[in-house]
Amino acid sequence: MEVHHHSHHPKSWKEYIQEFLMLFFAVFLGFMAEYYLEYRAERHKEHDYLVSMKEDLKADLVEIDRGIMGMEKIKSVGQRLEKLLYKPA
């Protein structure tokens with residue numbers, strides 16, 4: 001198996017700067033893409049949490065209304081019982 005050696009000409013400082021900039025921007029864009037994807041995922045989770053919270057609040061309001069209606073019934077029964085017990089003879 002032959003190994004081909006390419007003739008290497010000495011690089012100028014401009015080529016080193018160009019390679020550095022290409023690597024720098026490639027890594028920078030990779031970080032930016034990862035940050036953007038993480039941002040989108042967090043926004044999606046936030047939306048899901050808000051929808052879940054809204055549904056939970058609706059369910060809680062229904063339960064609170066049921067509790068209030070139950071308390072009102074107990075109160076009215078208590079008032080009727082009070083009238084019967086403390087009715088002047």
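Bear in mind the structure is a predicted one, so any value in this text is a computation, not a measurement.
- For K45, the side-chain contact (heavy atoms from CB on, under 4.5 Å) test picks out E42, Y49, with sequence neighbours left out.
- Contacts classified as salt bridge (charged side-chain N to carboxylate O under 4.0 Å, His left out) and involving residues 23-38 (residues at least two apart or in different chains) are not found.
- Hydrophobic cluster membership for Y86: L81, L85 (Ile, Leu, Val, Met, Phe, Trp, Tyr linked by side-chain heavy atoms under 4.5 Å, directly or transitively).
- Residue pairs meeting the salt bridge (charged side-chain N to carboxylate O under 4.0 Å, His left out) criterion with at least one partner in residues 46-60, sequence neighbours excluded, are R43-E46.
- Annotation: side chain to side chain donor-acceptor pair (under 3.5 Å) contacts involving residues 65-75, sequence neighbours excluded, are absent.
- Listed by chain and number, the residues in a side-chain contact (heavy atoms from CB on, under 4.5 Å) with S76 are R80 (sequence neighbours excluded).
- Annotation: the span from F31 atom CZ to Y35 atom OH amounts to 14.0 Å, rounded to 0.5 Å.
- Other residues sharing the hydrophobic cluster of L37, ordered by chain and number and joined by side-chain separations under 4.5 Å: none, the residue standing alone.
- Through direct or indirect side-chain contacts shorter than 4.5 Å among Ile, Leu, Val, Met, Phe, Trp and Tyr, M22 is connected to no other residue.
- Side-chain contacts under 4.5 Å among hydrophobic residues (ILVMFWY), followed directly or transitively, place W13 together with I17, F20, L21, F24, F25.
- Contacts of E19 classified as side chain to side chain donor-acceptor pair (under 3.5 Å), with partners at least two apart in sequence or in another chain: K11.
- Legend: residues meeting side chain to side chain donor-acceptor pair (under 3.5 Å) with R40, ordered by chain and number and at least two apart, are Y36.
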